[in-house]
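Below is one structure, written out as structure tokens; the observations come after it.
Since this is a predicted model, take the numbers as computed values, not measurements. Lettering of chains follows the sequences in order, A, B, ..., and the numbering in each one begins at 1. Reckoned from all heavy atoms, side chains included, excluding hydrogens, waters and symmetry mates.
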Amino acid sequence: MKYYLEIIQPIIERSLDRLGILYDDLKFEIPSNPDFGDISTNIAFKLSKKLKNPPKLIAEKIVDNLEFDLGLIEKAKIEGAGFINFYLSTEFYIQALKKLLSKGTNIGRFDLGYGKRVNVEYVSVNPTGLLHLGHGRNACIGDTISNLYEWLGYDVTREYYFNNAGNQMTMLANSIYARYMQLYFEKDYPFPEDGYHGEYIIEIAKDLYDHYADKLKDNNDNNLNLIKKFGENWCFNKIKKTLERLRIRQDIYFNEDSLYTDGKIDALLNEFKSRQLSYEKDGAIWLALSQLGLENDRVIVKSSGEPTYRLPDIAYHKDKFERGYDLIIDIFGADHIATIPDVLAAVSALGYDISKVKVLIHQFVTLFEDGQQVKMSKRTGKSYTLDDLLDEVGPDVVRFFLIMRSISTHLEFDLNLAREQSEKNPIYYLQYAHARICSIFENAKSFGIILDDDYDLNLIGTKYEINLIKSLLGFEDAILSATDKSEPHILCDYLKTIAQAFHIFYHNDRIISQNLELAKARLKLIEMTKYILKNGLSILGVSAPEKM
RNA sequence: GCGCCGGUAGCUCAGUUGGAUAGAGCAUCAGCCUUCUAAGCUGAGGGUCACAGGUUCGAAUCCUGUCCGGCGUGCCA
């Protein structure tokens, strides 16, 4: 858009100034229908009420006062009830392509972060099980958001928050112990009622036996603690391996327990108390959220003396603020939504600027196979894990599928489509465009065409070439918009349009031909296309193969 | 009950700071390989944008109400 705006906006503004018209919401858009020109403004509609004139009349006045360079703009025309549509010349697009080319392989990189620090927290699965598709969605969204901020020039910290204490870990230990007993000593040993039924527990029990044989047979605290630690490590190793396969590596693994050992929980409790934000009732400590505009007060320390999850959540966010981040992004699944207002209200009451916190909630993933829903729960036993999926379709397909829908929509994962190694699978459309371009460069080399600084872009001008340039010009907007709206799928959609523009151009205009000068100009065009595809895919964490 | 997210083509989904004839992929039907990768290209059919009101030059988009689906609403995390 900026390539258009830097040309068009001043022209309209000058005309309005000359007419003495005051305006405040001058906006432009690229019409979806190319018959309505290359760029358009609805300013005449906006001014209609204020000036008490029909839009068409205002548009006519504005157009009469336009002064522009006929080299870049062919014409300005009033269409519809008062849209002002600009039709741009080939020259405009060649100039714009030159600007893109000057950025080279850095296309899509920005300098907007000025070293500002962003913390993105994602995955954050407790080490009690394996990752399933919902976690995968969280992971891919978090990683892509992190990539986007990195490309904008921010200093990004990728963080994983976990809790390796409490009931759930005890239950993990008990579950493993029960399987261990059942497998090797006592077939009918009772399995805990709320235990983890997943098949992986059996695997852990087997590994446990390999390490300790019958040494852990006695049901005592010592042994169960050992089993707990063993189970935690086992799960964490698996989780990290799965993430690695997804090309995800996080910088900080933040253990909730450290908040206790570092005294941060106690300090927070004292702070609440001294600010009179907490009180005791029924033997528990309550946080007075109703004083902060929320509906209900909540317990932060149970009468048993144990904290509820809210307390460490608040302490954790406070800690992130104290580490000095300019932006704190949390990626949560829809099931976490309830705690967010509490945490934000509490942190805000402690004096932190919660406009620095961005909470992204993504909806769930359902897995479909042959039109049937596949269960993924770790409680019910049989489950389809993220690892299973990676085994079947590989990281590119997984990452793309989990990112290609808006985060606020329910994601239906079609296993049959993902398995499809054909044109039906949308990811191949993008990768194929990239591979095709690489192959053309190989051919150019064998034809002895050397791509140096001696080329003439003025040879470009077919409608397919222009159309491709138009899509190329949208790359930076797509990145900015995806980041701004926290919607990585915008980038997926964009890359599809650019791959399409390329495929159509490829089909209609031959690149390598007898006309060497033309070939060189076209190679420059597809070189830019290649950089954009590659950079775009790289932000999505998807590979850009040179051959397919 | 209340809160959040969603309801758009047969299916999966874009499009919501209000714009012109509501788009894509898949599926269906019909075409294009002696020339740079056919994992590609071209064309056709397919819609009461859940429903009902309202706001205005103009509504899939904003407001109100209703219906349907998911998630949440703990001294669980």
Rounded off to whole Å, could you give me the [atom1]-to-[atom2] distance for the [X] and [N] pair?
X	N	atom1	atom2	value
A/Leu172	B/A77	CG	C1'	14 Å
A/Ile427	B/A24	CD1	C1'	16 Å
A/Gln363	B/C71	CD	P	10 Å
A/Tyr432	B/C36	OH	C1'	11 Å
A/Ile340	B/U73	CD1	P	12 Å

Quick one: are the ring centres of [X] and [Y] less than 6.0 Å apart?
X	Y	answer
A/Tyr4	A/Phe28	no
A/Phe83	A/Phe45	yes
A/Tyr253	A/Phe162	no

Quick one: the side chain of [X] and the base of [N], do they pair up donor-acceptor inside 3.5 Å?
X	N	result
A/Asn85	B/A20	yes
A/Asn42	B/G19	yes
A/Ser32	B/A20	no
A/Tyr309	B/A77	yes

Identify which nucleotide among [options] has an atom closest to any side-chain atom of [X], counting heavy atoms from C-beta outward.
X	options	result
A/Arg510	B/U21, B/C36, B/C71	B/C36
A/Arg298	B/C71, B/U73, B/C36	B/U73
A/Gln500	B/U73, B/G40, B/G25	B/G25
A/His507	B/G70, B/U73, B/G40	B/G40
A/Ile511	B/G19, B/C36, B/A38	B/C36
A/Ala338	B/C71, B/C75, B/G72	B/G72
A/Thr308	B/A77, B/C71, B/U37	B/A77

(request) Cation-pi check, A/Lys238 to A/Tyr200: give yes when NZ or CZ is under 6.0 Å from the six-membered ring centre and within 45° of the ring axis, no otherwise. (result) no
Using a cut-off of 4.0 Å on non-hydrogen atoms, how would the nucleic acid contact of [X] be classed: base, sugar-phosphate, or nothing?
X	result
A/Pro545	nothing
A/Ser439	base
A/Asn53	nothing
A/Gln168	nothing
A/Asp342	nothing
A/Lys496	nothing
A/Ser48	nothing
A/Phe83	base
A/Ala435	base
A/Asp493	sugar-phosphate
A/Ser406	sugar-phosphate
A/Glu546	base
A/Ile504	sugar-phosphate
A/Asp282	base

If I pick the [atom1] atom on [M] and the same atom on [N], what distance separates them, to the nearest angstrom?
N	M	atom1	answer
B/C41	B/A22	P	24 Å
B/A52	B/A59	P	15 Å
B/G23	B/G46	C1'	13 Å
B/U64	B/C2	P	14 Å
B/C76	B/G18	P	45 Å
B/C63	B/C13	C1'	27 Å
B/A38	B/C33	P	12 Å
B/A24	B/G65	P	36 Å

(request) Answer with yes or no whether the side chains of A/His336 and A/Asp330 bring together a donor and an acceptor at under 3.5 Å. (result) no
(message) Ignoring hydrogens and geometry beyond distance, is a side-chain donor-acceptor pair present between A/Asp297 and A/Tyr279 at under 3.5 Å?
(response) yes
Do any side-chain nitrogens or oxygens of [X] fall under 4.0 Å of OP1 or OP2 in [N]?
X	N	answer
A/Thr409	B/G6	no
A/Lys424	B/A27	yes
A/Tyr506	B/A38	yes
A/Asn443	B/U37	yes
A/Arg310	B/A77	no
A/His489	B/G15	yes
A/Lys302	B/C76	yes

(request) With RNA chain B as reference, determine whether A/Asn508 or A/Gly283 sits nearer its 5' end, using the nearest nucleotide of each. (result) A/Asn508
(request) Let me know, please, whether A/Leu411 or A/Asn163 comes out on the 5' side of the other along RNA chain B by nearest nucleotide. (result) A/Leu411
(request) Hunt down any stem RNA chain B takes part in, defined as 3 or more consecutive Watson-Crick or G-U pairs whose two distances are each under 3.5 Å. (result) B:1-7 with B:67-73, B:10-13 with B:23-26, B:28-32 with B:40-44, B:50-54 with B:62-66
(message) Parallel, tilted or perpendicular, judged at 30° and 60°: which one describes the rings of A/Phe236 and A/Tyr160?
(response) tilted
(request) For the residue pair A/Phe364 and A/His410, categorise the inter-ring angle as parallel (less than 30°), tilted (30 to 60°) or perpendicular (more than 60°). (result) tilted
(request) Before giving the answer on ring pair (Phe, Tyr, Trp, His ring centres under 6.0 Å), spell out for A/His507 and A/Tyr464 the whole-Å C-alpha distance, their side-chain angles and the decisive distance to 0.1 Å. (result) CA-CA 9 Å; A/His507 188 261; A/Tyr464 305 106; 8.9 Å; no
(request) For the pair A/Lys524 and A/Glu527, find out whether any cationic side-chain nitrogen is under 4.0 Å from an anionic carboxylate oxygen. (result) yes
(message) What I want to find out is whether A/Lys520 reaches A/Asp452 closely enough, with some N-O distance under 4.0 Å, to be called a salt bridge.
(response) yes
(message) So for atom NZ, which belongs to A/Lys228, do other residues, nucleotides or ligands contribute more than 12 heavy atoms lying within a distance under 6.0 Å?
(response) yes
(request) Would you say whether A/Tyr429 stacks on B/A39? The test is a distance between ring centres of less than 5.5 Å and an angle between planes of less than 30°. (result) no
(message) Please classify the glycosidic conformation of B/C13 as syn (within 90° of 0) or anti (everything else).
(response) anti
